[in-house]
Amino acid sequence: MRITETHGNSRNGIRGSRISVYTKTGELIDRFTVPAWYGLAYCQRHPAGIYGQRLAAAVTAAEGAA
């Protein structure tokens with residue numbers, strides 16, 4: 001499993017961070033935008049929140065697909 005985080009700027013139009021979760025084979029499981037600069041850390045600090053739950057579900061799906 002691989003998790004990438006892209007920070008937003010005026011060129012790519014992302015406000016906050018975009019998190020992508022991939023399987024070991026490179027298949028995209030989920031991609032979503034978190035309204036915080038360090039979105040992955042935000043999701044880990046707030047596991048019961050909307051974005052934390054979405055990250056947990058994507059990680060579970062990516063590990064199950066491997």
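What you see below is based on every heavy atom in this structure, not just the backbone, and it leaves out hydrogens, waters and symmetry mates. FYI, the numbering just counts along the sequence from 1.
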Quick check: is Phe32 connected to Tyr22 through a chain of hydrophobic side chains (ILVMFWY, heavy atoms under 4.5 Å apart)? no
ILVMFWY cluster, Tyr42 and Leu40 together (side-chain gap under 4.5 Å): yes
Give me the atom names and distance for the closest heavy-atom approach of [X] to [Y].
X: Ile29; Y: Ala61; answer: CG2-CB, 3.8 Å
X: Ala36; Y: Ser17; answer: O-OG, 2.9 Å
X: Cys43; Y: Leu55; answer: CB-CD2, 3.6 Å
X: Arg54; Y: Arg31; answer: NH2-O, 3.7 Å
X: Ala58; Y: Asp30; answer: CB-CB, 3.8 Å

Any donor-acceptor N/O pair, [X] side chain to [Y] backbone, under 3.5 Å:
X: Thr33; Y: Arg18; result: no
X: His7; Y: Trp37; result: yes
X: Gln53; Y: Ala48; result: yes

Might you confirm whether atom CD1 of Ile50 has over 12 heavy atoms from other residues, nucleotides or ligands at distances under 6.0 Å? no
Looking at Arg45, I want to see if its CZ is surrounded by more than 12 non-hydrogen atoms of other residues, nucleotides or ligands under 6.0 Å. yes
Heavy-atom check, side chain of Tyr51 versus side chain of Ile19, under 4.5 Å: no
Heavy-atom side-chain proximity of Ile3 to Ser20 below 4.5 angstrom: no
Could you grab the distance from atom CG of Leu28 to atom OG1 of Thr23, nearest 0.5 Å is fine? 9.0 Å
